[in-house]
Chemist: 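Attaching a single structure in structure tokens format; questions to follow.
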Protein chains: 2
Amino acid sequence: MGIQERKTRHKEDLRRRILEAAKKLFLTAGYEATSIRKIAKEIEFSPTTIYLYYKDKSDIIYALHQEGFQLLRQNFQPLMQVESPFERLKALGRCYIKFAFEHPDFYELMFVMKDPMEHLEINCVEASWEDGERVFDFLLRTVRDGQDQGYFKGLDATHVAMEAWASVHGMCALYVSGHLRSMMHVVFGDEDQERMIESAFRVLVHYLESTK
Amino acid sequence: MGIQERKTRHKEDLRRRILEAAKKLFLTAGYEATSIRKIAKEIEFSPTTIYLYYKDKSDIIYALHQEGFQLLRQNFQPLMQVESPFERLKALGRCYIKFAFEHPDFYELMFVMKDPMEHLEINCVEASWEDGERVFDFLLRTVRDGQDQGYFKGLDATHVAMEAWASVHGMCALYVSGHLRSMMHVVFGDEDQERMIESAFRVLVHYLESTK
DNA sequence: TTTAAAAAGTTAACACTGTTCACTATTTTT
DNA sequence: AAAAATAGTGAACAGTGTTAACTTTTTAAA
């Protein structure tokens, strides 16, 4: 059925256009500005039309969340080829931080905002956060590879991975939320945020390195 | 002028009552449910009356943010007496995590949400986040005390403190946002969130300890 | 004590938000 | 050509923060 196919494609097309419009608004004007009505205006359709393609707003937000993970995985792609587990682990951390600095809105959507997680719990039967799991799994495997080389002796790989993730996420979260910025002037010296995080990350690497 | 004084007190009284109502709504029904109109209904005043005592909503949110820090400092109080710097550091971390688990809404308001930081940048000339600085300063002093005892050799105290804060904040942020929860079933074993964080924290302590 | 001024509080409205229901075109199938 | 399914819309509901104009209450002065 060629016609049916074309129709389906057309439908998928508008679904994509809605998401693209949402993405544009999200990246240029932020989360607050990404309203159903503004998305509708952007694609020149009625607000109610959106609901023919997405269940509700959180459905769109979640789709954007998934787009962010696609982008993050693209950034991770080259790291797969780094043979030294420890070098790979370091590169992974640096790449993660770089992503947060380059795409703070996406980072917030992916790792800070509650909405996508709530959407997951409500709409998905298995309630499994596949995107997050895939990223954590990459980290976990890298830690295990590191253990084969004598790193993290006597430590549980899951706990090491968790601690590393929390550590790097903490830095990124404090950056994207503006908490780090609000402390820079007074508490820290004249270092800027990026340098501060770089320094903190080096401390983490020092810890990891000294487990060998 | 006793009358003037009484008037001022009465005015301060209503200001307090507004904040108490906001706090009640915030803690029982969450941030979303804390609207100007609902606060007004709670204290049985018109919504516009609120604006006679607080500039806008973010002003109330910020006041609540400050209340949270008061509570956190109360929790920290007993730790001041711990003489061993390293033990104090460990207790500080545990206390911080405990606070996040016991008051997740406050934690989010204090360390995750952007609104209070934006309020700070807009309304305060010096734009200094005093509450955050005081907490970080306590951490920093503890790290420096630790250095006097031979810990963190060759490392900058500020960077060590930053890394430690980021690490613990990362755990708490992943908890309060629900990201940790969404990963528990599949990736980690049958451990629950609190145990997972406890384990990750122990890894951090292990790192810190091995710098001596 | 009456009157003018200042303070406190309210009503109605504006411009938004997500979402739903009833309706109208358009297209496809019978 | 008629019936049925699909696609899209307008109006409305119940909320949100916020402001301007108005009323009531309280205070201060004549």
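In what follows, every chain begins at residue 1, and chains take the letters A, B, ... in the order their sequences are listed.
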Chemist: Test of understanding: with ring-ring contact (aromatic ring centres under 6.0 Å, His included), list the residues that count as partners of His206(A), not counting sequence neighbours.
Modeler: none
Chemist: Separation of Glu32(A) atom CD from dT16(D) atom P, in whole Å?
Modeler: 15 Å
Chemist: Starting at CG of Leu52(B) and ending at C1' of dT18(D), how long is that distance when rounded to a whole Å?
Modeler: 13 Å
Chemist: Does Arg181(A) make a cation-pi contact with Tyr175(A), if we ask for NZ or CZ under 6.0 Å from the ring centre and within 45° of the axis?
Modeler: no
Chemist: Write down the distance between NZ (Lys57(A)) and P (dT20(C)), rounded to a whole number of angstrom.
Modeler: 15 Å
Chemist: Nearest-Å distance, NE2 (His119(A)) to C1' (dG18(C))?
Modeler: 15 Å
Chemist: Closest approach of Ser182(B) and Glu133(A), non-hydrogen atoms and distance?
Modeler: O-OE2, 3.8 Å
Chemist: Asp56(A) CG to dT20(C) P: how many Å, rounded?
Modeler: 8 Å
Chemist: List the residues meeting salt bridge (Lys or Arg N to Asp or Glu O under 4.0 Å) with Asp59(B), not counting sequence neighbours, and say none if there are none.
Modeler: none
Chemist: Sequence neighbours excluded, which residues qualify as side chain to side chain contact (heavy atoms under 4.5 Å, CB included) partners of Glu108(B)?
Modeler: Lys114(A), Val112(B), Val176(B)
Chemist: Report the distance from atom CG of Asp59(B) to atom P of dG17(D), rounded to the nearest whole Å.
Modeler: 14 Å
Chemist: What integer distance in Å separates Tyr53(A):OH from dT9(D):C1'?
Modeler: 13 Å
Chemist: For the pair made of CG in Asp115(A) and C1' in dG18(C), what is the distance, rounded to whole Å?
Modeler: 13 Å
Chemist: With sequence neighbours excluded, tell me which residues meet salt bridge (Lys or Arg N to Asp or Glu O under 4.0 Å) with Arg202(A).
Modeler: Glu198(A)
Chemist: For Val135(A), what residues pass the side chain to side chain contact (heavy atoms under 4.5 Å, CB included) criterion, not counting sequence neighbours?
Modeler: Phe69(A), Leu72(A), Phe76(A)
Chemist: Does anything in residues 27-37 of chain A pair up under side chain to side chain donor-acceptor pair (under 3.5 Å), and if so which pairs, sequence neighbours excluded?
Modeler: Tyr31(A)-Asp115(A)
Chemist: Enumerate the residues from residues 17-30 of chain B whose closest heavy atom to DNA chain C is under 4.0 Å, giving them by residue number; use none for an empty result.
Modeler: none
Chemist: So for the helix from dT1(C)-dA30(D) to dT30(C)-dA1(D), with five pairs setting each end axis, what is the inter-axis angle to 10°?
Modeler: 30°
Chemist: Using side chain to side chain donor-acceptor pair (under 3.5 Å) as the criterion, list what pairs up with Lys90(B), not counting sequence neighbours.
Modeler: Glu87(B)
Chemist: Please identify each residue that fulfils side chain to side chain contact (heavy atoms under 4.5 Å, CB included) with Thr48(A), with sequence neighbours left out.
Modeler: Ser46(A)
Chemist: Could you check which residues of residues 36-51 of chain A get a heavy atom under 4.0 Å from DNA chain D? Sort them by number, please.
Modeler: Arg37(A), Phe45(A), Ser46(A), Thr48(A), Thr49(A)
Chemist: Would you mind writing out the side-chain donor-acceptor pairs for residues 99-107 of chain A within the sub-3.5 Å range, not counting sequence neighbours?
Modeler:
residue	atom	partner	partner atom	Å
Tyr107(A)	OH	Tyr96(A)	OH	2.8
Tyr107(A)	OH	His169(A)	ND1	2.6

